[in-house]
Amino acid sequence: MSVRHFLSLMDCTPQELGALLRRAIELKGLRAHGVLQEQLKQRVLGMIFEKASTRTRLSFEAGMIQLGGQAIFLSPRDTQLGRGEPIADSARVMSRMLDAVMIRTFAHSTLTEFAANSRVPVINGLSDDLHPCQLLADMQTFLEQRGSIQGKTVAWIGDGNNMCNSYIEAAQQFDFNLRVACPHGYEPNAALLALAGERVEVVRDPREAVAGAHLVSTDVWTSMGWEEENAERLKLFAPYQVNRALLDAADPSVIFLHCLPAHRGEEISEDLLDDPRSFAWDQAENRLHAQKALLEFLILPTETP
Ligand code: CP
Ligand code: NVA
């Protein structure tokens, strides 16, 4: 069987994604009970970071160690990648030494080009277009707190960025409805919207988006790589802050998620992460468990022929 990559949620079937979440919850329980794991013993994950990270780096590195393997942090500043060695050449060489590669990058094409030349699984640790690993953790958190998300309504408030694009893919894969509230000119990827069809609706008014929603999520107004636009974005996005009053307009069972890092006073009010409806800390922790399940799934040979 050819090598599997995880560049997008669409690289897995809905059944596989469901199984990943169930395994993530199982691995979480095993860790809580102090059960030591070594199914990835002697396996090595390479991690290429072209952008900053706390959660992604830590969860992949700790996850590999907890499964008996190792992770190697590769910064473009210290590797030949930063000096112009072609992505395809780097992929050919690195994938002969590693068991999987995680990449956090700018252009999504860096991931697809690397994957096309890699002998081992490539994982998207965030690109300008998508952040699928974060969605595994978000979906795990909803499942733990409220059960199946199938048929529920999710509201995305703010920038139509990489996280929002991955929510659009999640809506299709996990079978929920998504309302995106964003300013004109900051809509999510048009091709992804077209593929999602009626399942995803773009509105301008955050209150309209959250009405009856079971999950509300947002993200920074200025993603990595867009810092020059920060001042303009702060003004434009001001009506899109998620606060307690906005959550009050959602379904009474609503939960709030934020992939973090958060800018209190900007996309969320100062107090929102302390609200009992916020599960952002569980969500951050679940990066660890969900990605351990993903690493097992991608690295270990399957039983089926
Ligand atoms: N949510 C997330 O990906 O966080 P980091 O940027 O810290 O990895
Ligand atoms: N949209 C944010 C997510 C950070 C985890 C960014 O790309 O900077």
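All ligand and atom numbering here is 1-based and tracks the order in the structure.
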Is the charged tip of R57 near the ring of F73: under 6.0 Å from the six-membered ring centre and within 45° of its axis? yes
Heavy-atom side-chain contact between [X] and [Y] under 4.5 Å:
X: M64; Y: Q70; answer: no
X: Y167; Y: L215; answer: yes
X: S217; Y: H258; answer: no

Provide the number and element of each atom of ligand 1 under 4.0 Å from a heavy atom of H131. 2 (C), 3 (O)
Show the atoms of ligand 1 that are less than 4.0 angstrom away from any heavy atom in T54. 5 (P), 7 (O), 8 (O)
If you measure from the Lys or Arg side-chain nitrogens to the Asp or Glu carboxylate oxygens, is any gap between [X] and [Y] under 4.0 Å?
X: E296; Y: R23; value: yes
X: D205; Y: R207; value: no
X: E270; Y: R244; value: no
X: D251; Y: K152; value: no
X: R4; Y: D11; value: no

Any heavy atom of D128 under 4.0 Å from ligand 2? The part involved is neither
Aromatic rings F237 and W221: how do their planes relate, parallel, tilted or perpendicular, breaks at 30° and 60°? parallel
Suppose we measure from [atom] to each protein heavy atom; which comes out shortest, and what is that distance?
atom: atom 4 (O) of ligand 1; result: R55 NE, 2.8 Å
atom: atom 8 (O) of ligand 2; result: M224 N, 2.8 Å
atom: atom 3 (C) of ligand 2; result: D219 OD2, 3.5 Å
atom: atom 7 (O) of ligand 2; result: N162 ND2, 2.8 Å
atom: atom 6 (O) of ligand 1; result: R104 NH1, 2.8 Å
atom: atom 4 (C) of ligand 2; result: L126 CD1, 3.9 Å

Out of G125, C259, C133, whose heavy atom sits nearest atom 1 (N) of ligand 1? C259
May I ask you to check whether H131 has an N/O atom sitting below 3.5 Å from an N/O atom of ligand 2? no
With a heavy-atom distance limit of 4.0 Å, tell me whether R57 approaches ligand 1 through its side chain, its backbone, both, or neither. neither
Quick look: L260 vs ligand 1, heavy-atom contacts under 4.0 Å, and the answer is backbone
I need the atoms of ligand 2 closer than 4.0 Å to a non-hydrogen atom of L260, numbered in the order shown. 5 (C)
For R287, state whether at least one heavy atom is located under 4.0 Å from any atom of ligand 1. yes
